[in-house]
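First comes the structure, then the notes that go with it.
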Amino acid sequence: MGKEITSREQDYSQWYNDIILKSGLADYSAVRGCMVIKPYGYALWENMRDVLDKMFKETGHVNAYFPLFVPKSLFEAEEKNAEGFAKECAVVTHYRLKSDPERPGKLMVDPEAKLEEELVVRPTSEAIIWNTYKGWIQSYRDLPLLINQWANVVRWEMRTRLFLRTAEFLWQEGHTAHATKDEAVAEAEQMLHVYASFAEDWMAMPVVKGIKSPNERFAGAEETYCIEALMQDGKALQAGTSHFLGQNFAKAFDVKFSDKQNKLDYVWATSWGVSTRLIGALVMAHSDDDGLVLPPKLAPIQVVIVPIFKGEEQKALIDEKVKGIVKSLKAAGIKVKYDDNENSRPGWKFAEYEMKGVPVRIAIGARDLENNVVEVARRDTKEKSSYSLDGLPEAVIALLEEIQQNIYAKANTYRAEHITPADTWEEFNELLDKKGGFIAAHWDGTGDTEEKIKELSKATIRCIPINNQLEAGKCILTGNPSAQRVLFARAY
RNA sequence: CGGGAGGUAGUUCAGCCCGGUUAGAAUACCUGGUUUGGGACCAGGGGGUCGCUGGUUCGAAUCCAGUCCUCCCGACCA
């Protein structure tokens with residue numbers, strides 16, 4: 001007997017937790033709302049990070065690092081942004097502990113070490129960064145400023161879930177400054193496309209590109225672009241956001257530049273980010289009741305080789321053969337692991353690597369040696385077939401590519417089947433309750449109506465798709481005229 | 001932050017209501033042997049501050065209070 005996971009049908013939330021804990025992605029910690037990312041999960045994050053980092057560099061960005069702490073006076077400078085985050089900020093008020101005279105061996109906060117000004121633990125870094133940019137930007141020649149940072153942030157969430165919402169998480173945040181509005185808007189849009197292609201080409205996760213309604217917009221932004229993904233339980237998940245910040249932060253932090261005519265103006269800004277939440281999205285996009293299913297292009301282990309043998313003699317022969325296979329696969333750029341641990345049997349390993357979502361498993365035994373073949377099993381469909389050792393690396397590369405495409409196609413079909421139009425309020429609610437997914441419905445464009453729909457149905461406007469088809473209609477709730485359908489869903 | 005559930009061996013859990021030998025099981029782990037094409041079997045063995053703190057009691061895993069962590073539901077979530 002081994003590790004069992006709860007089925008999706010039985011309890012979707014528990015299934016999600018089981019997958020993460022039992023595949024070794026992450027663990028709970030002694031700190032409320034904070035998790036430990038375990039080596040296997042961190043390896044996955046590193047792969048995602050490396051790909052994204054390369055994409056950022058290719059679009060002209062450079063990395064830097066800004067402080068974890070933000071003085072309260074800076075934090076509150078951009079009022080809307082500060083207000084938006086105020087309720088979930090961790091705040092440092094003291095800088096020293098001392099021995100507790102009443103409890104030997106224990107410590108207490110030293111009341112004499114109170115900070116003159118509190119430090120906010122960054123929930124996002126606009127404040128500290130714009131305060132810094134002020135000193136870096138004088139002329140149009142200093143623009144554009146295209147900086148990204150990989151960092152941790154803290155948001156004191158009331159209810160947390162592994163990867164999807166934790167009090168501390170890892171992310172990247174890009175912060176750019178531009179001379180013109182058009183250029184800043186183009187930057188925000190460009191990064192949206194970068195995120196979308198990462199999600200689709202690497203995570204094999206189809207996304208809808210769109211803009212947020214004013215209610216869902218980032219605090220302090222003029223426009224928020226987003227990619228929205230659909231999970232297997234029919235709920236939507238915001239997978240990345242990119243913001244056009246206008247001149248809001250430039251004004252709040254007094255960041256001005258001289259243009260070619262020597263006229264002073266505030267700079268235009270963007271910010272954009274994706275986080276370890278993407279791992280939660282990845283889990284829910286492809287996995288099944290046997291465990292994780294990882295896209296080959298991001299999997300920490302792409303191929304695992306399991307030997308099947310009777311006795312040391314056979315084992316030695318297989319070891320020898322596998323040595324060559326591993327070498328040829330590695331030479332072909334494949335991340336391969338040979339699990340010759342003799343303490344667990346093949347069946348146990350099969351189940352274990354399925355749990356961990358390894359895309360391809362190769363089993364090799366005495367019978368295979370005689371026939372110059374191996375048994376190749378793919379994680380996505382569970383199909384097994386016999387592959388010749390001749391040309392194995394090429395065949396494996398092709399199979400990995402096929403798996404990547406197959407899981408994308410599967411997710412894409414699911415999504416296509418779960419974008420449903422609704423024209424009446426009854427239909428809208430029935431779809432939400434019975435089918436889930438995105439519901440394309442007319443909305444009169446007001447925040448009040450959006451709020452009311454949310455209250456009544458628990459569904460929010462996920463986005464207004466970019467290049468949305470215009471179509472005159474009536475608001476699903478109020479019947480007021482509407483120019484286009486927007487996507488609603490219940491969301492994470 | 002509100003409601004509910006939970007925390008006992010690495011893991012899953014029993015024991016708790018009704019306090020009383022040395023706190024159990026399965027699984028995992030260690031040793032030896034037999035095994036190995038889907039989570040092996042036999043024999044032997046090691047492993048526990050019963051989440052933490054305090055209280056009640058001759059005696060607490062068990063009763064009481066506080067506290068920490070987790071899960072589920074809700075509120076909240078740029």
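Hydrogens, waters and symmetry mates play no part in the numbers below; they use all other heavy atoms, side chains included. The chains referred to below are lettered A, B, ... by the order of the sequence lines, with proteins before strands, and numbering in each begins at 1.
- Per the geometry, CD belonging to Glu342(A) stands 19 Å off P belonging to G39(B), to the nearest Å.
- Pairs of residues two or more places apart, or lying in two chains, that qualify as side-chain hydrogen bond (donor to acceptor under 3.5 Å, both in side chains) and include a residue from residues 226-241 of chain A are Arg8(A)-Gln232(A), Lys212(A)-Glu228(A), Lys212(A)-Gln238(A), Glu228(A)-Arg462(A), Asp233(A)-Tyr492(A), Thr241(A)-His243(A).
- For the pair Asp18(A) CG and U12(B) C1', the interatomic distance rounds to 11 Å; values are reported in whole Å.
- Inter-residue side-chain proximity for Tyr28(A) and Leu21(A) is flagged as met; some heavy-atom pair is nearer than 4.5 Å.
- Atom name C1', nucleotides G20(B) and G59(B): the rounded distance is 7 Å, in whole Å.
- Side chains of Phe56(A) and Met191(A) form a contact here, defined as non-hydrogen atoms less than 4.5 Å apart.
- One can place CG of Asp100(A) at 14 Å from C1' of U53(B), the figure rounded to the nearest angstrom.
- In terms of heavy atoms, Val274(A) sits closest to Ala239(A) at CG1-O, 3.6 Å.
- Within the 4.5 Å cutoff, the side chain of Trp150(A) has no heavy atoms near those of the Leu170(A) side chain.
- Scanning atom types as modelled, one donor and one acceptor separated by under 3.5 angstrom connect the side chain of Lys384(A) and the base of G38(B).
- Applying the Watson-Crick and G-U wobble criteria (two distances, each under 3.5 Å), C71(B) pairs with G4(B).
- Taking atom C1' in both A9(B) and G45(B), the straight-line distance is 15 Å, to the nearest Å.
- Nucleotide C77(B) holds its C1' atom 11 Å from the CZ atom of Phe169(A), rounded to whole Å.
- Atoms CD1 (Ile362(A)) and C1' (G37(B)) sit 15 Å apart, rounded to a whole Å.
- Heavy atoms of Arg217(A) sit under 4.0 angstrom from primed sugar atoms or phosphate atoms, though from no base atom.
- C63(B) and G55(B) make up a base pair, with Watson-Crick or G-U wobble contacts both under 3.5 Å.
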- Query: Which letters describe nucleotides 69-76 of chain B, given B = protein heavy atom under 4.0 Å from base, S = only from sugar-phosphate, - = neither?
  - Reply: SSSSBBB-
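- With rounding to the nearest 0.5 angstrom, the OG1 atom of Thr59(A) is 8.0 Å from the CG atom of Leu146(A).
- Pair check for G48(B) finds none; no Watson-Crick or G-U wobble contact set falls under 3.5 Å.
- Nucleic acid contact for Glu354(A): base, since at least one base atom lies under 4.0 Å from a heavy atom of the residue.
- Look at C16(B): it lacks any Watson-Crick or wobble partner with both distances under 3.5 angstrom.
- For the pair Asn371(A) CG and G37(B) P, the computed distance is 18 Å after rounding to whole Å.
- Annotation: U8(B) and A60(B) have their C1' atoms spaced 14 Å apart (nearest Å).
- When Watson-Crick and G-U wobble pairs are counted only if both distances are under 3.5 Å, A43(B) pairs with U31(B).
- When all heavy atoms of Arg122(A) and Gln149(A) are compared, the pair lying nearest together is NH1-NE2, 3.8 Å.
- The residue among Ala351(A) and Ala219(A) whose nearest nucleotide of RNA chain B lies closer to the 5′ end is Ala351(A).
- When side chains are defined from C-beta on, Phe249(A) does not count as touching Lys251(A), because their heavy atoms never get closer than 4.5 Å.
- Heavy atoms of other residues, nucleotides or ligands lying less than 6.0 angstrom from NZ of Lys335(A) number more than 12.
- Side chain of Ser287(A) to main chain of Val293(A): a donor-acceptor pair is present (N/O by atom type, distance under 3.5 Å, no hydrogens or angles).
- For the segment residues 220-245 of chain A, the set of residues with a heavy atom within less than 4.0 Å of an atom of RNA chain B is empty.
- In this model, the phosphate group of G37(B) is approached by a side-chain N or O of Arg345(A) to a distance below 4.0 Å at OP1 or OP2.
- When every heavy atom of Ser23(A) is checked against every heavy atom of Tyr40(A), the shortest pair comes out as O-CD2, 3.5 Å.
- Each of Val374(A) and Asn81(A) was matched to the nucleotide of RNA chain B holding its nearest heavy atom; the match closer to the 5' end belongs to Val374(A).
- Between the CG atom of Asp290(A) and the P atom of G38(B) there is a distance of 15 Å, rounded to whole Å.
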